[in-house]
J.: 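Pasting in a structure now, in structure tokens, and then I'll have a few things to ask.
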Amino acid sequence: MDKARRVLEKLALADYEAYLVGGCVRDLLLNKIPKDFDITTNALPECIEEIFSGYRTLRTGIKHGTITVIFEDEPFEITTYRTDGIYSDHRRPDQITFSASLQEDLARRDFTINAMAYNEAEGLVDPYNGKEDLEKGILRCVGDAALRFEEDALRLLRLLRFASELGFHAEEKTEIAAYEKKELLEKVSKERVREECSKLLCGKHAGQVLVKWIKVLGVVLPELLPMEGFQQRNPHHKYDVLCHTAAVVDSIPEKPYLRWTALLHDIGKPWRYTVDKHGIGHFYGHAKESENIAEIILKRLKMDRESISKILLLIRYHDFRIEAKTELVKEWLCKLGKENFEDLLLLKKADLAGQNPLGGKKNRKLEALCAVTRDILERGQCYQLKDLRIDGNDLIENGMQSGEQIGYALHLLLKNVIKGCVVNEKEMLLDFLIKEELL
Ligand code: ATP
Ligand code: MG
């Protein structure tokens, strides 16, 4: 904050107007530490560069009037007041115009809570009563909501994202316009959809937003729509598939790939529904179905490959029953790796949080599974090839030649160490191989 103040001072000393603006003002009023400080000024980009000529500056958004100044190791985005021209593609203005007025600059911003500016000399500049909306928890478009969504459809997703991050509600006209204009979301690039959805999913109120705004989200993620109102008719479930999904999203840690996993883990259920002779609903094979649908969605949104493969793996195994037996858990740890297996346990926990507790039997089983896992990991027990006190070189030294045979021997040793049939000590391992006539 002190640095931001000094950046503003430098602009003021050169006789320009300068304010903190947008997200950082909103966050300061909410007593949150802003992620970054955006500054708006009547100085033109060349003047900004001149004023900060002693600092590193980057022409990050020169077309839009933005210069990033690295001020004592911290980046500040400084943007010249501007108005946006016509938006013919429902996403970006065809042309922007620099403006001499702060009021005009605030008018182009999306929501009242994001259209406030602040500096020490003038205090809060708040022409749209953003502070009041902030106190009331309201998201309201600046100006005519339908028009604002029409100009830039990304604002529809920003609306949902702020609702999720802040737990705010859309004001009536904004809400009506959001439903009316929802199809325009098709104009937003897949990358931006992915980024906004990730932020939405990581919000504290993601579950609620998912249920409330499913029809709008359904424009970019149509595969979610069949989950709404899909009753499960199963004693383990008290919610329909969508409400269950929402509860799972809220119950898993706020990392994007985990939240996406929670969102998509049951997306295949509506396609795998059967009813048995007692009238109970089942979803055999739904994990595989969900994995297939998730893959289509995540590739469409151009998610990075590493996240996709993690998410698909977690979905694939989310419904496997894993008994709390040391030997079995070690095999799972070996098969998935420690990190993935721990994530799978987080998913299973979250999944249960969205189900009917039914006396807590499933919870107790899962607790036992977590305890066994903790024990293995804390005691540094062997569950993977690299934990063996022997490696390929040791086997070569002892006369083994073919790579294939070395691989076979190491896997055999691991299997038997996990089973407890041989102690993980070099001599013992070699003896075992001699007994097996492999050496
Ligand atoms: P965050 O805390 O996630 O950064 P933010 O509100 O600061 O939220 P940014 O994308 O950093 O979001 O944008 C900074 C400011 O620019 C916003 O507060 C808002 O005033 C304005 N803004 C950003 N995107 C749009 C948009 N699509 N339409 C209108 N104004 C926007
Ligand atoms: Mg910001």
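In listed order, ligands and their atoms are each counted from 1.
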J.: Give the contacting part of Phe162 toward ligand 1: side chain, backbone, both or neither, where contact means a heavy-atom distance below 4.0 Å.
T.: side chain
J.: Which bit of Asn114 gets closer than 4.0 Å to ligand 1, counting heavy atoms only: side chain, backbone, both or neither?
T.: both
J.: Backbone, side chain, both or neither: what part of Arg155 comes under 4.0 angstrom of ligand 1, heavy atoms only?
T.: side chain
J.: Name the option, out of Lys199, Glu196, Glu195, Arg158, that contains the heavy atom nearest to atom 13 (O) of ligand 1.
T.: Arg158
J.: For ligand 1, is any non-hydrogen atom under 4.0 Å from Arg148's backbone (N, CA, C, O), its side chain (CB onward), both, or neither?
T.: neither
J.: In terms of atom number and element, which parts of ligand 1 are under 4.0 angstrom from non-hydrogen atoms of Lys35?
T.: 1 (P), 2 (O), 3 (O), 4 (O)
J.: Please confirm whether Arg109 comes within less than 3.5 Å of ligand 1 when only nitrogen or oxygen atoms on both sides are compared.
T.: yes
J.: Is it true that Gln384 and Lys338 share a donor-acceptor pair across their side chains at a distance under 3.5 Å?
T.: no
J.: Can you tell if the side chain of Val125 reaches within under 4.5 Å of the side chain of Tyr19, non-hydrogen atoms only?
T.: yes
J.: Only heavy atoms of Arg26, strictly under 4.0 Å: list the atoms of ligand 1 that pass.
T.: 1 (P), 2 (O), 5 (P), 6 (O), 8 (O)
J.: Taking Glu150 as the fixed residue, which of Lys187, Arg155, Lys181 is the one that meets the salt bridge (Lys or Arg N to Asp or Glu O under 4.0 Å) rule?
T.: Lys181
J.: Within a distance under 4.0 Å of any heavy atom of Asp38, pick out the atoms of ligand 1 and give their elements.
T.: 14 (C)
J.: Short question: side chain of Asp84, backbone of Ile96 - any donor-acceptor pair under 3.5 Å?
T.: no
J.: For atom 30 (N) of ligand 1, state which one of Val21, Asp110, Asp84 supplies the nearest heavy atom.
T.: Asp110
J.: Heavy-atom contact check, 4.0 Å cutoff: does Glu151 meet ligand 1?
T.: no
J.: Centres of the His282 and His236 rings: under 6.0 Å?
T.: no
J.: Report, in ascending order of atom number, the atoms of ligand 1 lying under 4.0 Å from any heavy atom of Arg161.
T.: 1 (P), 3 (O), 8 (O)
J.: Go through Phe230 and Tyr273 one step at a time and tell me if the ring-ring contact (aromatic ring centres under 6.0 Å, His included) criterion holds.
T.: CA-CA 10 Å; Phe230 202 100; Tyr273 182 61; 5.2 Å; yes
J.: Given 3.5 Å as the limit, does a donor-acceptor pair link the side chain of Arg91 with the main chain of Val188, or not?
T.: no
J.: What protein heavy atom sits nearest atom 27 (N) of ligand 1, and how far away is it?
T.: Asp152 OD2, 2.8 Å
J.: Using a strict cut-off of 4.0 Å, indicate which atoms of ligand 1 neighbour a heavy atom of Arg108.
T.: 29 (C), 30 (N)
J.: Verify, without hydrogens or angle tests, whether Asn234 (side chain) and Gly281 (backbone) share a donor-acceptor contact under 3.5 angstrom.
T.: yes
J.: So, for His265 and His244, is the gap between ring centers shorter than 6.0 Å?
T.: yes
J.: Does an N or O from Gly23, backbone or side chain, lie closer than 3.5 Å to an N or O of ligand 1?
T.: yes
J.: Using a 6.0 Å cut-off, check whether atom CZ of Arg233 has over 12 heavy atoms from anything other than its own residue.
T.: no
